[in-house]
**Q** 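I'd like to ask some things about the structure below.
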Amino acid sequence: MSFLISFASFIVALGILVAVHEWGHFWVARRCGVKVERFSIGFGKALWRRTDKLGTEYVIAAIPLGGYVKMLDERVDEVSEKDLPYAFNRQHVLKRIAIIAAGPAVNFLFAIFALFVMYLIGLQTIKPVVGDIEPDSVFSQSNIPQNAIFTQVGDRQVVDWEDVAYEFMSFIGNNEMLVKWTDDESFYERSATINLSQWEFDPDKTSVFASLGLVPFRPKVQNVLGYIEDGSAAQIIGFQTNDKILSLDGTSMQNWEQIVGYVSTRPNQTVQANVLRNDKIISLNGTIGSKTGEQTAKGYMGFSPTLEPWPEGVVFVHQYGVVKAMSKAMDKTWRLMTLSIEMLGKLITGDVSVKNLSGPISIAQGAGMSASLGLVYFLGFLALISINLGIINLLPLPVLDGGHLLYYFIELISGRPVPESVQEVGFKIGGVLLLLLMSIAIVNDITRI
């Protein structure tokens, strides 16, 4: 079921983002007097098509991994004498620049719109309260106490853990990082400069917080069951939601970690459990289930616990009026754009590993996860991917919008177009580089499964 959700969400997300990008090219081309022959979402066999009164064919095709806008162009097809003024290649270089730049530009505008709607609806989030600092870690050099609330990382204000994560990642490859916080003892803001020379971050193995030795605050896990999986060993044995597990096989269970440890080491073994249900101690008997791990089978019950309530004020909602929502959306879009550019720069310099590249599988998983959480989270995901799509398309690779823009700016400065032979070589080199990057991203996706 999760695969179907991820796949469907991926198709919806990709369809929206491709349509938005190509619509940018299409809209500006029409305004510049260029004849558009086809607007296609996807490649391959047409599943649906329609032609408007201006002769543009609209197509939804079978392979939903992109799209294109086909404009009248002498370099591609023969163009009749009467249609020459409407050919793309006959337009002034500034018009061609505007048409090509419109795709990425609309990606950025769509991100602002998606975040604007998200902030209007309201996004529930969590203040960046410190739960603990791991000993002998990067953050252990600081004097940040438990329950401290981060207020600033570098020169950026932060209000939730997402902000903190983005700003931490922007310091990958740096030698030090300034952080500011407030704590329970004082309302005054305090600060520390964290030495990052020993920081090692591998996204395949750990989170950015764990790599720094930082444990975000979370309410304590209780021994009270909050969910029972249908058809699970727990359901067969007779566990019910709100049961408090007191003991397993006579061993008192002091915390949830102890329960997990006890169950996981006893796959397919019988168990006797004492639970507190409606102020009465109930005895249950049955067999622990199992799940196959990476090497061996592990015990599995199919239940999950409840948490203590969050402290007042820690969980809050990002929700604003029209003006403030637009301001927040624009600021968030700008920060995601600059962060994406910073990460690309660090990828080139080697400060960020190519293992951080993600392909369609990771995007599908992200789409499915965000969609399952609700519309506001899916809107945030769409904004993030739209921004990245815009940034990637502006890379100066000849097969991308950025490569075309590079050629046109050279033409604008020199006064003559780049020779076709040079463009052809550029397209081949750009195609190879893009294929290499896509291959690395797909390999990374597969290794993460």
**Q** Is it true that, when you exclude M330 itself, more than 12 heavy atoms of the residues, nucleotides or ligands shown sit nearer than 6.0 Å to its CE?
**A**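 Count not over threshold, so no.
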
**Q** State which residues pass salt bridge (charged side-chain N to carboxylate O under 4.0 Å, His left out) with D73; sequence neighbours excluded, sorted by chain then number.
**A**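 R75.
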
**Q** Are any of the side-chain heavy atoms of V208 and F201 separated by less than 4.5 Å?
**A**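 Yes, close enough: below the 4.5 Å cut-off.
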
**Q** So F116 and T333, do their side chains get closer than 4.5 Å, heavy atoms only?
**A**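 Result no, sub-4.5 Å side-chain heavy-atom pair not found.
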
**Q** Please enumerate all residues that pass side chain to side chain contact (heavy atoms under 4.5 Å, CB included) together with A383, with sequence neighbours excluded.
**A**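 A383: side chain to side chain contact (heavy atoms under 4.5 Å, CB included) contacts with A111, A114, L115.
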
**Q** For E411, enumerate each residue passing the salt bridge (charged side-chain N to carboxylate O under 4.0 Å, His left out) test, keeping only those at least two apart in sequence or located in another chain.
**A**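 Listed in chain order: R96.
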
**Q** With salt bridge (charged side-chain N to carboxylate O under 4.0 Å, His left out) as the criterion, how do K332 and D163 come out once you've worked through the C-alpha distance, each side chain's angles and the decisive distance to 0.1 Å?
**A** CA-CA 10 Å; K332 183 81 168 181; D163 287 349; 3.6 Å; yes

**Q** Between atom CG of L212 and atom OG1 of T206, what is the distance when rounded to the nearest 0.5 Å?
**A**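 Result: 9.0 Å between the selected atoms.
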
**Q** CZ of F39: more than 12 outside heavy atoms within 6.0 angstrom?
**A**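 Enclosed.
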
**Q** Which atom pair, heavy atoms only, marks the closest approach of A325 to Y320?
**A**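 That would be N-CB, 3.7 Å.
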
**Q** Salt bridge (charged side-chain N to carboxylate O under 4.0 Å, His left out) with D160: which residues, sequence neighbours excluded?
**A**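 D160 satisfies salt bridge (charged side-chain N to carboxylate O under 4.0 Å, His left out) with no residue once adjacent residues are dropped.
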
**Q** Please check if the side chain of Q157 supplies one atom and the backbone of Q152 the other of a donor-acceptor pair under 3.5 Å.
**A**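 Pair absent, no side-chain N/O of Q157 close to backbone of Q152.
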
**Q** With no hydrogens and no angle check, do the side chains of E229 and Y300 hold a donor and an acceptor under 3.5 Å apart?
**A**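 Short answer, yes.
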
**Q** Let's go through L123 and V317 carefully: what are the C-alpha distance in whole Å and the side-chain angles of both, what is the deciding distance for side chain to side chain contact (heavy atoms under 4.5 Å, CB included) to 0.1 Å, and is it a yes or a no?
**A** CA-CA 5 Å; L123 174 70; V317 177; 5.8 Å; no

**Q** With no hydrogens and no angle check, is any side-chain donor or acceptor of E57 less than 3.5 Å from a backbone partner on V59?
**A**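 Pair absent, no side-chain N/O of E57 close to backbone of V59.
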
**Q** With a 3.5 Å distance limit and no angle check, can you tell me whether N393 reaches the backbone of L389 through a side-chain donor-acceptor pair?
**A**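 Yes, N393 side chain to L389 backbone: donor-acceptor pair under 3.5 Å.
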
**Q** Are any side-chain N or O atoms of S340 and backbone N or O atoms of L336, one a donor and one an acceptor, separated by less than 3.5 Å?
**A**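 Checked: pair present.
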
**Q** With the side chain counted from C-beta on, respond yes when E257 and V260 share a heavy-atom pair under 4.5 Å apart, and no when they do not.
**A**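 Result no, sub-4.5 Å side-chain heavy-atom pair not found.
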
**Q** Tell me, which pairs form a salt bridge (Lys or Arg N to Asp or Glu O under 4.0 Å) where one or both residues lie in residues 305-327, sequence neighbours left out?
**A**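 Of all non-adjacent pairs touching residues 305-327, none passes salt bridge (Lys or Arg N to Asp or Glu O under 4.0 Å).
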
**Q** Which distance, rounded to the nearest 0.5 Å, do you find between the CG of L196 and the CZ of F168?
**A**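 If we round to the nearest 0.5 Å, L196:CG and F168:CZ are 9.0 Å apart.
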
**Q** Can you find a pair of side-chain heavy atoms, one from L394 and one from L400, that are under 4.5 Å apart?
**A**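 The answer is no; the side chains never approach within 4.5 Å.
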
**Q** I'd like to know if the side chain of N223 reaches the main chain of W256, judged simply by a donor and an acceptor atom lying under 3.5 Å from each other, with no hydrogens or angles considered.
**A**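 Yes; judged by distance alone, with no hydrogens or angles, the pair exists.
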
**Q** Please report the closest heavy-atom contact between A102 and H25, naming both atoms and the distance.
**A**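 Closest approach of A102 to H25: CB-N, 4.1 Å.
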
**Q** Can you name the closest pair of heavy atoms from Q240 and D243 and give their distance?
**A**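 For Q240 and D243, the tightest heavy-atom pair comes out as N-OD2, 2.8 Å.
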
**Q** With sequence neighbours left out, write down each residue that passes side-chain hydrogen bond (donor to acceptor under 3.5 Å, both in side chains) with S40, or none if nothing qualifies.
**A**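 Checked S40 against side-chain hydrogen bond (donor to acceptor under 3.5 Å, both in side chains); zero matches.
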
**Q** Could you work out, with side chain to side chain contact (heavy atoms under 4.5 Å, CB included) as the rule, every residue matching A234, not counting sequence neighbours?
**A**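 Partners of A234 under the side chain to side chain contact (heavy atoms under 4.5 Å, CB included) test: I228, S232, F239, M301, F303.
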
**Q** What pair of heavy atoms forms the shortest contact from L14 to G66, and how long is it?
**A**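 Scanning both residues, the minimum pair turns out to be CD2-N, 4.4 Å.
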
**Q** Quick one: list whatever passes side chain to side chain contact (heavy atoms under 4.5 Å, CB included) with I144, sequence neighbours left out.
**A**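 I144 satisfies side chain to side chain contact (heavy atoms under 4.5 Å, CB included) with V130, F139, S142, A148, F150, V179, W181 only.
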
**Q** For a quick check under 3.5 Å, do S197 and N175 share a side-chain donor-acceptor pair by atom type?
**A**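 No.
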
**Q** Considering only heavy atoms from C-beta outward, does the side chain of V263 approach that of I288 to under 4.5 Å?
**A**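 Heavy-atom side-chain distance check passes, below 4.5 Å.
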
**Q** Applying salt bridge (Lys or Arg N to Asp or Glu O under 4.0 Å) as the test, list every pair that has at least one member in residues 11-37; sequence neighbours left out.
**A**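 Of all non-adjacent pairs touching residues 11-37, those that pass salt bridge (Lys or Arg N to Asp or Glu O under 4.0 Å) are R30-D52, E37-K70.
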
**Q** Roughly how far, to the nearest 0.5 Å, is the OH atom of Y166 from the CE atom of M169?
**A**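 Answer for the CE-OH pair, M169 versus Y166, is 8.5 Å.
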
**Q** Minimum heavy-atom separation for L178 and S191, please, with both atom names.
**A**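 Between these two residues, the closest heavy atoms are CD1-CB, 4.1 Å.
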
**Q** Quick one about T182 and E189 (side-chain donor to acceptor, distance below 3.5 Å, no hydrogens or angles considered), yes or no?
**A**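 Absent: no donor and acceptor within the cut-off.
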
**Q** Can you give me the closest heavy-atom contact between S290 and P267, atom names plus distance?
**A**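 S290 and P267 have their closest heavy atoms at CB-CB, 3.7 Å.
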
**Q** Not counting sequence neighbours, which residues clear side chain to side chain contact (heavy atoms under 4.5 Å, CB included) with E167? List them please.
**A**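 For E167 the side chain to side chain contact (heavy atoms under 4.5 Å, CB included) partners, ignoring immediate neighbours, are V153, R156, V158, S170, R335.
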
**Q** Determine whether more than 12 heavy atoms belonging to other residues, nucleotides or ligands lie under 6.0 Å from atom OH of Y86.
**A**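 Not buried by this count: 12 neighbours or fewer within 6.0 Å.
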
**Q** Can you confirm whether I112 sits close enough to F108 that some side-chain heavy atom of one is under 4.5 Å from a side-chain heavy atom of the other?
**A**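 Sidechains of F108 and I112: no contact.
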
**Q** Starting at CD1 of I194, measure out to CE of M177 and round the result to the nearest 0.5 Å.
**A**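 Rounded to the nearest 0.5 Å, the CD1-CE separation comes to 6.0 Å.
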
**Q** Could you list all the salt bridge (Lys or Arg N to Asp or Glu O under 4.0 Å) pairs where at least one residue sits in residues 376-387, not counting sequence neighbours?
**A**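 Every candidate salt bridge (Lys or Arg N to Asp or Glu O under 4.0 Å) pair involving residues 376-387 fails, so no pair, neighbours aside, qualifies.
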
**Q** Is any side-chain heavy atom of T51 less than 4.5 Å from a side-chain heavy atom of T56?
**A**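 T51 vs T56: side chains apart.
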
**Q** Within the structure provided, determine whether F217 and W310 are in side-chain contact (heavy-atom separation under 4.5 Å).
**A**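 Answer yes - side chains close enough.
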
**Q** CG of L225 to CD1 of I245: how many Å apart, nearest 0.5 Å?
**A**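 If we round to the nearest 0.5 Å, L225:CG and I245:CD1 are 4.5 Å apart.
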
**Q** For residues 210-220, which residue pairs qualify under side chain to side chain donor-acceptor pair (under 3.5 Å), counting only residues two or more places apart or in two chains?
**A**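 Qualifying pairs, neighbours excluded: W199-S211.
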
**Q** Measure from the side-chain N and O atoms of Q141 to the backbone N and O of N195, and report whether any donor-acceptor pair falls under 3.5 Å.
**A**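 The answer is yes, because a donor-acceptor pair under 3.5 Å joins these two groups.
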
**Q** How long is the span from the CG atom in N143 to the CD1 atom in I133, to the nearest 0.5 Å?
**A**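 So the gap between those two atoms works out to 10.0 Å.
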
